[in-house]
Amino acid sequence: MLTSVDQTNLHGHKAFMAQAWSIYRKKEPCFSWLSVCIRVRTTCLSGKVMCARIKRTGTRTQLVQGGSVEKQRILITTENRDHGSEIQNPKIERLFKCNTFGDHYKTIRMWKISVSDVPAVYNQPLGMTRTPPRTVLGGPRFKLGYCAPPYIYVNQIVLFLTPWVFGGVGTLLYQLQLLEDYYAAVLSGGLMLGAAVVVQALARCAMRQTVTVERLHTPNILADEEEVEFTSCTSSETIKFIIPGKKFVLNTVLHTVLAGALCGLGTWYLLLNRLTTLYSSTGVAVLIFVLSWVTLCIGEYSLIINTAPETATFQAQDTYEITPLTRPLYIFAFIAVDLAQRFAGPVPELQQTNQVLHVLFLFLPLLWALGMLSPLDALLLWGMEQVLVFGLGGSPMSTNVRLLGMFAVSVCVPVSVFFIPSTLGVVLFTVAMGFLLSLDLSQMGALLRPCGTRGGRSEPSRRLGWGLGGKELLFYLSLLLAAMAEAGLLHHFLPPPLNWTTGAQAVVSYLLIALFALSWALREMQGVYLLGGVFHNPLYPKETTSVRVFKQQSRGLQVAGMVRRVLVNLVSPFAMIAFLAVDGSLQRLHTASLCMGFTRAFRTVWQSTEDSLLQMVVVAVVRLAARGMRLLWWDSLGTGVQLLLVSLISDRLEQFATKLKFALTVLVTSWTEKKQRRQSAGTLLALNGVLFPLLLSFLVLSAVLSAPLLPLFTLPVFLVGFPRPQRSWPGPVGTACSCPDSVYYQQMSGSLACAISTAFARGALGSPKPGSHFLGRFQDRVVWILVLERGFGYCSLNIKGLELQETSCHTAEARRVDEVFEVAFESPEGLGRGTAFNLHWGNVLTPCAALPVRVYSDARSVLTGIIDSHDNLRQLKDDFLKVLVWVLLQHCVKRRKTFAGSAGEEGRKSQSARTQTCTEVNVVTSKSSSLKLRRESPSLNSFADWSDEDDLFGPQPGRRTAAQVNAGSQGSRTALQTGPSLPGSVEMDSLFGDVALSALRPLQPLGLGLPAVDKGRGPEAPGFPGATLPRLNFSSRHSELLNLPSGWRTAPLPVPRLQQARQFFPEEWFRFALGRMELAAQGECPQEVVEALRVDEALRDLHAQVALSCFISLGAESTVTSPSYVYRVYCGDVPWTEGLDWLSTNAELFQLTLKAFRYSFKLLFDQASLGPVESPEELLSTLEDYERDWYIGLVSERGWQEAVLQEKPYLFSLGHDLTMGTYTGRMLTLQEMLVQVGRLNREGVRGQWANLSWELLYATNDDEERYSIQAHPVLLRNLTVQAADPPLGYPIYSSAPLHLPCL
């Protein structure tokens, strides 16, 4: 069976794969032993065609390249033993490329496509025409992509109207006065319960009878895209299409019971007599009755029949089937208010609320369709967060578990206050609990940890947090006792005065106003901009290129920051406690509102000191402005409730201002930015101008609900997103798409976090609240910083790192970020720094400060003129032997120090085995990475470059190399990679698996050839097979310390060749290096030991033999050396020589030789850049510096990443630029540099993340070229999408919550 799918204009590779998979399943659902082929075809810009095929036979799936090239090639072969539940593709991002075309072409990526996973990645070209009707109606599928029998639509209509029929029966019996209202509700609920039981039983029976390729209980959520063959009205296919059923039995029971309760209570809620009494109008009652039953039917259908796709989606996957409960529980909330009015009696406020909610009940389907009502999990987290912050004085938490725990503990405080009879006891208790709950209580575990864990190493994220030690505990205890003493004494000895303007509280009010003004001024002068980023700060340092000069110029700001730190953290809390302790509202405390108000007030003094100071200043100013006049409503609230209202209003006003700025930015840039100007831009701007009152109401509503303002597809079409927590994402903090570049962010996260902690304490980054976003920029690194939590003396951060391999969109936005920072920090006079205004004020990024951070600076250089110079290459050969001799001696000294404490020979052998194993692992890593570089770096110096093999489709499945097969017979493991065979040779499968025969070692003649080798002969001497190794006769007993393993003397090289190369051995350097080794034991004269070693000819011959064997095995004795040879040897991909097999078998020696060659090349690079080495002392000092402070290797090696994390001062790597055909050097230098940090518009980030969630989880538009992910230099749209949590975003690094001190 052959199915062709032609895509000339392909907009989504995942959509195409989903479509191909859909066709694949429609043709033959049970394809256990059929042969199926899907042809993938796309058209180049030139009109030529490139093809590939997905071939399926039984359980085997093959990806075959074909098309315009003559040869066809199997790219992927997988085995699915479950007969096709999913197509598994282990090679992610496999590219289909046509290697005969030189022009630009499109590519298709292959992804793992699972039947149950397709909806999450499916780019539906027509889905937006079918999904919204389902969302509005609650799940019925009346618009399909194919013709269906009429009974499909009739059955859905009947099931949709069934609750209305049952409710109508109960209502009719009640209206005829045959049943009481509650009996009518019970009757309707019982009928609905029975119908729900029957429906769920039919669904489970249909699932057992249907034979599909899907796992049991997996809902077929692609059914609206597939053409289902219906046989009858009651067939299993029909039932399963209409009623997919539940995955869990518990949910089946729960949803069935809730369906009956919802119908019964809904009938009681919508009785006509009740509605007529409520609105005093029969016409209004009938209208509400009819439309409200539509809402009830929608809720029932989504609960018991089929769940609708929700626009308000918080979780990427509904694992526990929580989504069907969302709409019914909102209906239950409306019914609860009506029940409260029924049983509470005539309460005018409650009756008015009930009337409003009955009208709002009609618009619930519209609110569900617009996505303004939160899912249950998001609603729960958002509700707890809002109550904790504004009702209890806490802070949003960094994790859901911390939020739940802190909420439970915080609720207990006002409850306890309500039952404390004494006002003095209330003051002391609230002051103590407010202080304790404002601390980071999770760090209390540091006091209980044993001290014996000091030796273990910890990750940077674990070392960063502040731990409660003895000093910290004493400091906090002193603050707590001082605060309690102050509050108790003031409350006891200073009763509240009759006239507020003449009492002690008025004096404290003036003090609070002065403290607020002074701390605000000191905070403003810390940043590069003033007054919200509008004006430049003339006091900010002008020099930001040198860290030392920058620190000198910012000493004055540091002094101001220290003064501000004392005022905010020590003076202001005690002044605010004094203000609250003498307040008259404490005398009438035992009401719920006042208990909560004062509990919150005493806690915010410590939890968010600056915000609390602002709130008390507002309350004090209102009282001072009244001039003794009583404001009845305002004064009756009490100070605690007044502070709560001021806090809520100020927060909503701030949100409104930031949302308004974000909306204006989207509107203006949709026309001013040429690349963002679409054909509909003028129309959308005109509509927004005409409907400006509606837009303003959306802004107000989103600010009141603390919900994000959602720009649809980031166009100037605004909706109100559903309320969600400040973190915006449901998953745990710290999830990222890791890659080798992640280590650079991991290394800098510790130092950056410490710098941010200091900046927060000084006020250089403003007064960040939980939910604030910052962006840092240094060279090619972009750091995203999110404030998760904040309390007294600490804050919790999440640091993310964005990709370093910049795409065009990433580059465009990063360039604008650099421009914004350059204007703020580095521009000369007249280009922005000299002007008074911020030229980029409309950008979502506002520069704040430059922070000194210990980070790696990345320098890249082109080695043209260095690596291709004949003089330099000759110098490299001379230096290599010297460096190799030094490396061997250094290895012996280190081995002696390592084994100095071992008790016997057995311990030394085990340690040596461990060293050998680690070395072999490093060699394997180095060689595997070098093979990739070898394939990418063609050279004409070896036969490996004449291969027909191409790498257009990425790395091939793993093959055993010839070296591994050959070395396996000798009982040792190696990772030597050999090149492909000569052109035209045939690679056949053999006894050695998938190893090519042409790469195997040639077989020895049987009985022919000399010399003969006796059985049982010992190790072979160099150049003489069959000869035993000569005994070493050292003239000094100390020479044993520098002895080398016997296996290192068995190089299969003839003695004349070694003697000929003896002239290259640097004997003078060997004696000099011996003289610098520390080999003398305690009580021995170092000079005598060194002199004895120098005259030991056996030791000298031993090291000369090993060094020259390695020298020859690498091919370094050749008089002709090319840059490609240097590069290949540096990468560990040594061209074949006579002794290479021996060298590669001794993995530790090979690693030392490779290390010496890399040191030699680095020495060559330094001499070409800085001048030649003039003395042996300078050479030795340079090599010791390499050993101590440098990592010289490849970027792709694991050791490179470990060196970055260990913060080696310097790293060096050699590379090859294939596009330019040049060799490059890369050097990382660890030093303190200035990282520029700016504040992002928090509502702009939340709005774009809300659109991302809506677009990917509901609209399922994951097209990589979609409009909402394109570069936007003002909104930084691409960077914002990257910084979202996976799976919607893709940061390459994300730290765990970092708890930092901010005192």
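Throughout, residue positions are numbered sequentially from 1 according to the sequence presented. From a predicted model like this one, the values you see are computed outputs, not experimental measurements.
Both the sub-6.0 Å distance and the 45° axial angle are not jointly satisfied by R1239 relative to the ring of Y529. Cation-pi check for R1246 over F662 is not met; the charged atom does not lie both under 6.0 angstrom from the ring centroid and within 45 degrees of its normal. The cationic group of R652 lies under 6.0 Å from the six-membered ring centre of F390 and within 45° of the ring axis, placing it in a cation-pi geometry.
Around atom OH of Y1210, no more than 12 heavy atoms belonging to other residues, nucleotides or ligands sit under 6.0 Å away.
Remark: the backbone N or O of F825 is paired with a side-chain donor or acceptor of T544 at under 3.5 angstrom. A donor-acceptor contact shorter than 3.5 Å links the side chain of T399 to the backbone of R402. Judged purely by atom type and a 3.5 angstrom limit, Q1248 uses its side chain to pair as donor or acceptor with the backbone of L1275. In this structure, the side chain of D318 engages the main chain of T323 through a donor-acceptor pair within 3.5 Å. Not one N or O on the side chain of T313 forms a donor-acceptor pair closer than 3.5 Å with the backbone of S1253. In this structure, the side chain of T714 does not engage the main chain of P711 through any donor-acceptor pair within 3.5 Å. Within the 3.5 Å criterion, the main-chain N or O of P723 finds a donor-acceptor partner in the side chain of S374. Using modelled atom types, no side-chain atom of T609 and backbone atom of N569 make a donor-acceptor pair closer than 3.5 Å. Judged purely by atom type and a 3.5 angstrom limit, Q607 uses its side chain to pair as donor or acceptor with the backbone of R790. Under a 3.5 Å cut-off, the side chain of S670 and the backbone N or O of L667 do form a donor-acceptor pair.
For the pair F722/F314, a side-chain contact is recorded, criterion being any heavy-atom separation below 4.5 Å from C-beta on. With contacts defined as side-chain heavy-atom distances shorter than 4.5 Å, the pair N838/H840 qualifies. Looking at heavy atoms from C-beta onward, C754 lies out of side-chain contact with S751 at the 4.5 angstrom threshold. A 4.5 Å side-chain heavy-atom check between Q1236 and P847 finds every atom pair outside the cut-off. Side-chain contact between P730 and D377: absent, with no pair of heavy atoms (C-beta onward) separated by less than 4.5 Å. Looking only at side-chain heavy atoms (C-beta outward), W841 and K661 come within less than 4.5 Å of each other. Counting heavy atoms from C-beta outward, W784 and P1291 have side chains that stay 4.5 Å or more apart. Side-chain contact between N400 and R727 is present, with heavy atoms from C-beta onward closer than 4.5 Å.
Ion pairing between a basic and an acidic side chain is recognised when a charged N comes within 4.0 Å of a carboxylate O; D1285 and K800 show such pairing.
Taking every heavy atom of both residues into account, P852 and A755 meet most closely at O-CB, 3.7 Å. Across all non-hydrogen atoms, the minimal contact from A316 to L1257 is CA-CD2, 4.0 Å. Across all their heavy atoms, P725 and E385 have their closest contact at CA-OE1, 3.6 Å. Residue A707 comes nearest to V720 through the heavy atom pair CB-CG1, 4.3 Å, listed as atom of the first residue, atom of the second, then distance. Residues W382 and L705 approach most closely at CZ2-O, 3.2 Å, considering heavy atoms. Considering every non-hydrogen atom in both A663 and L699, the closest pair reads CB-CD2, 4.3 Å.
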Next item on the list: Take N537 and V528 through the side chain to side chain contact (heavy atoms under 4.5 Å, CB included) test and state the conclusion after the steps.
Entry: CA-CA 5 Å; N537 181 10; V528 69; 5.6 Å; no
Next item on the list: In sequence, state the C-alpha distance, the side-chain angles, and the governing distance for E789 and H1299, and then conclude on side chain to side chain contact (heavy atoms under 4.5 Å, CB included).
Entry: CA-CA 9 Å; E789 177 184 343; H1299 297 265; 4.3 Å; yes
Next item on the list: Decide side chain to side chain donor-acceptor pair (under 3.5 Å) for Y1191 and E1197; before the verdict, give the C-alpha distance in whole Å, the side-chain angles of both, and the deciding distance to 0.1 Å.
Entry: CA-CA 11 Å; Y1191 178 85; E1197 291 176 342; 2.7 Å; yes
Next item on the list: Might you work through the side chain to side chain contact (heavy atoms under 4.5 Å, CB included) test for V783 and F778, ending with a clear yes or no?
Entry: CA-CA 8 Å; V783 183; F778 175 73; over 6 Å; no
Next item on the list: Show the numbers, then the answer: is there a side chain to side chain contact (heavy atoms under 4.5 Å, CB included) between L1230 and V855?
Entry: CA-CA 6 Å; L1230 184 63; V855 64; 5.7 Å; no
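Ring planes of W1249 and W729: tilted class, angle from 30 to 60°.
Residue Q747 holds its CD atom at 8.0 Å from CG of L1205, rounded to the nearest 0.5 Å. Between Y1290 atom OH and L802 atom CG the span is 9.0 Å, to the nearest 0.5 Å. To the nearest 0.5 Å, atom CG of residue L1240 and atom CG of residue L845 are 5.5 Å apart. A distance of 4.5 Å separates CG in L804 from CD1 in I1292, rounded to the nearest 0.5 Å. Residue S738 holds its OG atom at 13.0 Å from OH of Y745, rounded to the nearest 0.5 Å. Note that CD of E822 and CZ of R815 are 12.5 Å apart. Values are rounded to the nearest 0.5 Å.
E813 is linked by a side chain to side chain donor-acceptor pair (under 3.5 Å) to nothing, counting only residues two or more places apart in sequence or in another chain. When the ring-ring contact (aromatic ring centres under 6.0 Å, His included) test is applied to F656, no partner is found at least two apart in sequence or on another chain. For N798, the side chain to side chain donor-acceptor pair (under 3.5 Å) criterion is met by S1294, not counting sequence neighbours.
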